[in-house]
Amino acid sequence: MLLKNKAVQLWARRLHIYISMALLLVVLFFSVTGITLNRPELFVNSQPTVEEFTLKLPDALLESGPSAFVPEEEDLIQYLQNQVDISGSPSAMEVFTDVEGGKLLEGEISFDYKGPGFNATVFIDLTTKEAVIEKSHYGVVAVLNDLHKGRNSGDVWKWFIDITALLMVFFVLTGVCLLLPKKKTLATSLKWTALGSLITLLIFFFAVP
């Protein structure tokens with residue numbers, strides 16, 4: 001049988017060891033955050049730490065955009081991040097202006113930032129040239145929980161989760177491959193696999209509402 005071939009067994013053993021060591025910290029991370037996600041009432045702050053800032057926006061920034069009274073989006077975001085140290089990914093700006101005779105009667109801009117365990121809202125009154133930023137942080141455990149779920153964590157982290165999941169699959173498959181030549185160990189392992197699967201199914205069908 002191909003899977004019992006010495007060369008296959010050698011590579012399976014190497015991959016099993018190297019993948020297990022490469023994923024050591026990652027598996028611990030997902031295991032611990034599995035508990036904190038399952039018991040949020042024990043670990044996550046119900047009330048976030050909230051900070052509010054008010055900034056006076058410079059005229060040059062407000063005049064940087066292609067339309068009157070509305071700043072260039074990238075320049076505005078960069079300015080706010082430099083002034084208030086906002087993290088996360090910004091949403092699209094929602095802009096409202098009421099202009100009459102070349103004069104701004106009313107105007108406002110709003111958008112928000114979202115990151116792991118963090119969010120911030122930005123409201124800008126274009127008539128007073130003031131920006132109000134409210135930052136909410138839910139604590140370190142909330143950050144870790146959001147990273148576990150890939151929530152508001154960016155595309156690179158999502159790819160990291162996908163690759164980690166694939167490596168875990170390889171880890172399991174190489175473990176099975178290593179067991180195949182060992183008949184006594186394989187038989188015992190299959191019994192434990194059947195028992196674990198049966199317990200899982202019983203809990204799902206009879207204990208899950």
Side-chain angles (χ1 to χ4, degrees), residues 12-53 77 80-92 110-123 132-179 188-209:
R13 184 174 291 102
R14 286 177 177 174
L15 287 173
H16 191 74
I17 293 171
Y18 296 152
I19 290 174
S20 68
M21 296 311 297
L23 294 182
L24 177 63
L25 182 61
V26 180
V27 171
L28 285 173
F29 164 75
F30 281 106
S31 299
V32 172
T33 51
I35 297 172
T36 58
L37 275 169
N38 195 46
R39 301 289 183 181
E41 69 279 2
L42 299 179
F43 301 101
V44 179
N45 295 331
S46 57
Q47 295 297 325
T49 301
V50 179
E51 298 177 279
E52 188 173 294
F53 304 86
I77 289 172
L80 294 176
Q81 288 176 337
N82 291 338
Q83 296 296 315
V84 188
D85 188 27
I86 308 177
S87 61
S89 301
S91 66
S110 62
F111 59 98
D112 57 29
Y113 288 81
K114 290 187 182 297
F118 169 87
N119 63 67
T121 58
V122 178
F123 177 82
V132 177
I133 302 101
E134 184 178 275
K135 297 168 57 176
S136 300
H137 203 294
Y138 292 84
V140 175
V141 174
V143 174
L144 298 176
N145 286 349
D146 280 352
L147 288 174
H148 183 112
K149 295 183 288 186
R151 181 184 180 192
N152 302 323
S153 54
D155 291 334
V156 173
W157 184 261
K158 288 184 177 180
W159 276 107
F160 175 74
I161 292 176
D162 291 341
I163 293 170
T164 298
L166 287 174
L167 288 175
M168 287 181 180
V169 171
F170 276 109
F171 175 73
V172 171
L173 293 179
T174 52
V176 172
C177 181
L178 290 172
L179 280 172
T188 304
S189 300
L190 288 175
K191 291 176 183 178
W192 279 106
T193 300
L195 178 62
S197 301
L198 178 61
I199 291 173
T200 302
L201 290 172
L202 288 175
I203 291 173
F204 174 74
F205 284 114
F206 297 104
V208 177

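Minimum interatomic distance between S87 and F118 (heavy atoms only, all atoms of both residues): O-CE2, 3.1 Å. For W157 against G150, the heavy-atom pair with the smallest separation is CD1-CA, 4.2 Å. Taking all atoms of both residues into account, the shortest heavy-atom contact from L144 to F29 is O-CZ, 3.6 Å. Smallest separation of non-hydrogen atoms from F171 and H16: O-ND1, 3.1 Å. Considering every non-hydrogen atom in both S136 and V50, the closest pair reads OG-CG2, 3.8 Å. Taking each heavy atom of G117 and D146 in turn, the nearest pair found is N-OD2, 2.7 Å.
Annotation: side chain of T188 is in contact with side chain of W192 (closest heavy-atom distance under 4.5 Å). In this structure, E41 and R39 have side chains that are in contact, with non-hydrogen atoms separated by less than 4.5 Å. Taking the side chain as every heavy atom from C-beta outward, N145 and F43 never approach each other to under 4.5 Å.
Remark: H137 NE2 to N119 CG distance equals 10.0 Å, nearest 0.5 Å. A distance of 9.5 Å separates OG1 in T121 from NZ in K114, rounded to the nearest 0.5 Å. A distance of 11.0 Å separates CG in L178 from OG in S189, rounded to the nearest 0.5 Å. Between the CG atom of L179 and the CG atom of L190 there is a distance of 8.0 Å, given to the nearest 0.5 Å. Summarising the geometry, atom CG belonging to L167 is positioned 11.0 Å from atom OG belonging to S20; distances are rounded to the nearest 0.5 Å. Residue H148 holds its NE2 atom at 8.0 Å from CD1 of I161, rounded to the nearest 0.5 Å.
By the neighbour-count criterion of 12 heavy atoms within 6.0 Å, atom NZ of K149 is densely surrounded, having more than that number from other residues, nucleotides or ligands. More than 12 heavy-atom neighbours from other residues, nucleotides or ligands sit within 6.0 angstrom of CD on E52.
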Would V122 and Y113 satisfy side chain to side chain contact (heavy atoms under 4.5 Å, CB included), going step by step from the backbone distance to the final call?
CA-CA 8 Å; V122 178; Y113 288 81; 4.0 Å; yes
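Although no hydrogens or angles enter the test, the distance criterion places no donor-acceptor pair under 3.5 Å between the side chain of S153 and the main chain of L147.
Put simply, the residue from V32, T36, T33, L37 that forms a side-chain contact (heavy atoms from CB on, under 4.5 Å) with V141 is T36.
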